[in-house]
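Just so it is clear, the model here is predicted, and its values are computed rather than measured.
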Amino acid sequence: MGKLIVQRLGLGVVTLALVSVLVFAGTELLPGDVAAAILGQNATPESLAALREQLGLNAGPVARYLGWAAGIVQGDLGVSLANRQPVGELLWPRFWNTMALAGYAAVIAVPLAVGLGIASAAFRGSLFDRVATVVALATVSLPEYFLGLLLILFVSVQYGLLPSLADTWSGMGLAAWLEATTLPMLVLVLVTVAQIMRMTRTTVLAVMDQPYIETAYLKGMRNGRVVLRHAAPNALAPIVNVVAFNLTYLIAGVVLVESIFNYNGLGRFMVDAVSKRDLPMVQAAAMVFAAVYVVLNLVADVAAIALNPRLRHPRAKEV
């Protein structure tokens, strides 16, 4: 098991290295000129040339990438081109805001989705199963921004139950924070619950088609006990992978949700940086998202190895 974990760690490091190349290349292809965006339309050619030299934009792309990557490895995310402040000081507070919103959604979405998926598999073909499947498909089919606008229209504008904008600030009380972030949380929950529920249902049904499940039924065991005691534990490893994948969405896929509700998280931070063509901010935010994705997938792989005896003790190759 230890060898497999080390292999996963090595693969994660290689993945992040490849992602760093793609992130740097992608930001280099963004249209416009950084120096012109900072100085404005009235900038003179001399001032533009001086600023490009100051920012190191005249160096070759390979040299700039190596310098940027070396800084990332040392924990230096660079300096914002727009306001000349360290990127880390601007990024990490917004990252923790995103983590807080994702955690709020995950605490509600994961147990609800797994429970609905197991119940839907246990009563497959029933009215509950059909209704849950239709609602899940409908929710998954709707884009996040459309769900967000619907919630704003009905929950906030029409009935005035919750604020339409997720305005938060440092030192905000827990009750006020929960009220402000409930609408974006609901959007994330609706999308995540539908995906996890459908995959959980499919995974549990695949296990329930195994011969030992049929044997349990032939012994006279009740349906609920068969599902909870025999099917669900054996479907746990794939379910963990599904949950981990959707948790990465909660953290890395909140760009639209944060923009809709004006939430001060890493997603909106990245969108604002792109509009200003602040490359160090865009690159740092993209690398943080990528690192979170890799770490969560690594955790899912380790959990799957721990839960699956066949992965912990692989069969020896035949000579």
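Using the six-membered ring where Trp is involved, Trp92 and Phe95 have ring planes that are perpendicular, over 60° apart on the 30 and 60° scheme. Using the six-membered ring where Trp is involved, Trp177 and Tyr104 have ring planes that are tilted, between 30° and 60° apart.
The main-chain N or O of Ser80 is never found under 3.5 Å from a side-chain atom of Asp278 such that the two would form a donor-acceptor pair. A distance-only check finds no donor-acceptor pair linking the side chain of Tyr145 to the backbone of Ser259 [under 3.5 Å]. When atom types are taken as modelled, the side chain of Thr15 and the backbone of Leu11 share a donor-acceptor pair closer than 3.5 angstrom. Between the Ser20 side chain and the Ala17 main chain, a donor and an acceptor come within less than 3.5 Å of each other. Using modelled atom types, one side-chain atom of Arg130 and one backbone atom of Gly125 make a donor-acceptor pair closer than 3.5 Å. Between the Ser156 side chain and the Ser164 main chain, a donor and an acceptor come within less than 3.5 Å of each other. Between the side chain of Arg201 and the main chain of Ala121, no donor-acceptor pair closer than 3.5 Å is present. Using a distance-only test at 3.5 Å, with no hydrogens or angles considered, a donor-acceptor pair links the side chain of Arg94 to the main chain of Leu90.
Listed by chain and residue number, Thr98 satisfy the side-chain hydrogen bond (donor to acceptor under 3.5 Å, both in side chains) test with Glu258 (two or more places apart in sequence, or in another chain).
Considering only heavy atoms from C-beta on, Ile152 comes within 4.5 Å of Phe261 through its side chain. Gln283 places none of its side-chain heavy atoms less than 4.5 Å from the side chain of Tyr65. Leu151 has its side chain out of reach of Leu147: every pair of non-hydrogen atoms, C-beta onward, lies at least 4.5 Å apart. Counting heavy atoms from C-beta on, the side chains of Val155 and Tyr159 never come closer than 4.5 Å. A 4.5 Å side-chain heavy-atom check between Val110 and Leu247 finds at least one atom pair inside the cut-off. Side chains of Val135 and Thr139 form a contact here, defined as non-hydrogen atoms less than 4.5 Å apart.
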Inset, instruction - Check the pair Leu9 / Val13 against side-chain contact (heavy atoms from CB on, under 4.5 Å), numbers first and verdict last. - result: CA-CA 6 Å; Leu9 282 171; Val13 172; 5.7 Å; no
Inset, instruction - Before giving the answer on side-chain contact (heavy atoms from CB on, under 4.5 Å), spell out for Leu162 and Glu179 the whole-Å C-alpha distance, their side-chain angles and the decisive distance to 0.1 Å. - result: CA-CA 7 Å; Leu162 293 169; Glu179 182 182 13; 4.1 Å; yes
Inset, instruction - Given side-chain contact (heavy atoms from CB on, under 4.5 Å), test Val288 with Leu266 step by step and report yes or no. - result: CA-CA 9 Å; Val288 169; Leu266 188 56; 3.8 Å; yes
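No side-chain donor-acceptor contact under 3.5 Å links Thr192 and Asn246.
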